[in-house]
Amino acid sequence: MVKTPDELSLMRASGKLLARVFEMLDTQDLAGMSTMEVNDLVDRFITVDLAARPASKGQYGFKYVLNCSINHVVCHGVPDAEEIIRDGDIINLDITLEKNGFIADSSKTYVVGNAPPAARRLVRVAQEAMWQGIRQVRPGATLGDVGFAIERHAKKHGYSVVREYCGHGIGREMHEEPQVLNFGRSGTGMRLREGMVFTIEPMINQGTRMVATEADGWTVVTRDRKLSAQFEHTVAVTRSGVEVLTLRSDGT
């Protein structure tokens, strides 16, 4: 799971390309688009503009380049030509990209138009929780430190943390060891070493943390149908701390 300097350089290149995908999406007016239109837009941008491969397409039998999770959908939402993004929605777009054999993984929850203050607050806190976790990453820290910081921040604001899904090691494969839980106890779990690369991706619920999988076998929703938000970055443990490989140009 520890990457060599050359491998890390290739992962850094993949991460920068994936950041450009989100920078492109930042310029789009998502309201009125179908989730399939967003999928196709991202597919063209990755394959044509960036000359890269959408790593999710074909992985585990999944046919699309991204997951699109609206409002009470926690994760793994499936693009659909009939599903229209509407003013007031929140939507998480989870995208992977492979270049030169190495994969980057990132997601962002977009606030569409005039979403209510409660939705905006949830999205803000979810993003903050991710950064609380990222700030724990350094040689000698533990994965428990990361999960503890994430859950503490969410709970402080009255939210819950989904436990069934978590971050993961990443490199030549989309999912490698270790699992990176979004909850935990400080000082416990795997100790971090320079060169480790993994994702941090908390899913924060407005209500209960309990989730259910819909009949399509992919889409995960909150059981109470309250909102959920997620953010994700791919990070590397450096000699002095952490490098966010999928960081966008605006610092998010």
Side-chain angles (χ1 to χ4, degrees), residues 1-4 7-8 10-12 14-15 18-19 21-22 53-62 64-67 69 74-77 92-99 101-109 126-127 129-139 141-151 154 161-185 188-204 209 211 213 218 220 228-238 242-247:
M1 67 185 70
V2 174
K3 305 299 186 287
T4 68
E7 289 172 331
L8 188 56
L10 291 171
M11 293 208 68
R12 187 177 293 114
S14 296
L18 184 52
V21 178
F22 287 94
R53 181 180 72 86
S56 297
K57 195 172 185 178
Q59 181 87 354
Y60 310 122
F62 192 71
Y64 309 101
V65 305
L66 55 78
N67 293 117
S69 303
V74 176
C75 60
H76 302 164
N92 177 266
L93 299 175
D94 190 346
I95 306 169
T96 60
L97 178 149
E98 180 266 322
K99 182 75 173 181
F102 285 90
I103 298 171
D105 189 358
S106 187
S107 84
K108 176 177 179 176
T109 298
Q127 187 172 34
M130 176 193 67
W131 282 108
Q132 289 291 326
I134 290 172
R135 291 188 186 105
Q136 308 310 309
V137 177
R138 65 183 70 86
T142 68
L143 288 179
D145 298 337
V146 175
F148 176 79
I150 289 169
E151 187 173 46
V161 176
V162 174
R163 295 194 168 203
E164 287 82 355
Y165 303 93
C166 63
H168 49 86
I170 189 169
R172 292 188 183 274
E173 301 294 332
M174 187 186 304
H175 295 108
E176 300 179 353
E177 292 297 325
Q179 290 191 330
V180 183
L181 303 181
N182 297 310
F183 60 95
R185 290 188 297 117
T188 66
M190 180 179 289
R191 200 160 293 281
L192 303 183
R193 296 167 51 196
E194 181 182 356
M196 287 182 176
V197 180
F198 49 84
T199 71
I200 295 178
E201 48 179 304
M203 302 167 200
I204 308 300
R209 70 174 180 84
V211 300
T213 303
W218 288 103
V220 178
S228 184
Q230 177 191 9
F231 285 83
E232 174 186 15
H233 272 310
T234 298
V235 304
V237 184
T238 66
V242 61
E243 179 181 359
V244 181
L245 301 181
T246 48
L247 190 69

For [X] against [Y], the heavy-atom pair lying closest together:
| X | Y | value |
| --- | --- | --- |
| A126 | P202 | O-CG, 4.3 Å |
| I150 | A129 | CG1-O, 3.3 Å |
| K57 | R53 | O-NH1, 4.4 Å |
| I95 | L18 | O-CD2, 3.5 Å |

Compare all side-chain heavy atoms of [X] with those of [Y] and state whether any distance is below 4.5 angstrom.
| X | Y | answer |
| --- | --- | --- |
| W218 | Y64 | no |
| R163 | E151 | yes |
| M174 | T96 | yes |
| L8 | V197 | yes |
| D105 | D94 | yes |

Return the [atom1] to [atom2] distance between [X] and [Y], rounded to the nearest 0.5 Å.
| X | Y | atom1 | atom2 | value |
| --- | --- | --- | --- | --- |
| F183 | C166 | CZ | SG | 8.0 Å |
| L66 | L97 | CG | CG | 12.0 Å |
| S56 | N67 | OG | CG | 6.5 Å |
| H175 | I170 | NE2 | CD1 | 7.5 Å |

So does [X] pair up with [Y], basic N to acidic O under 4.0 Å?
| X | Y | result |
| --- | --- | --- |
| R12 | E243 | yes |
| R138 | E194 | no |
| K3 | E176 | yes |

Run the side-chain hydrogen bond (donor to acceptor under 3.5 Å, both in side chains) check on H168 and E201 step by step: do they pass? CA-CA 9 Å; H168 49 86; E201 48 179 304; 3.2 Å; yes

Kindly determine whether Y165 and H76 satisfy ring-ring contact (aromatic ring centres under 6.0 Å, His included), including the steps that lead there. CA-CA 11 Å; Y165 303 93; H76 302 164; 5.3 Å; yes

Mark yes or no for whether [X], through its side chain, and [Y], through its backbone, hold a donor-acceptor pair below 3.5 Å.
| X | Y | value |
| --- | --- | --- |
| T246 | H233 | no |
| S14 | F102 | yes |
| Q136 | G133 | no |

Side chain to side chain contact (heavy atoms under 4.5 Å, CB included) between N182 and V162: does it pass, once the steps are laid out? CA-CA 8 Å; N182 297 310; V162 174; over 6 Å; no

Is there a donor-acceptor contact under 3.5 Å linking the side chains of N92 and S69?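 No - no donor-acceptor pair under 3.5 Å links their side chains.
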
Any side-chain donor near an acceptor of the partner, T199 and T234, under 3.5 Å: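 No, because no side-chain N or O of T199 sits under 3.5 Å from a partner of the opposite role on T234.
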
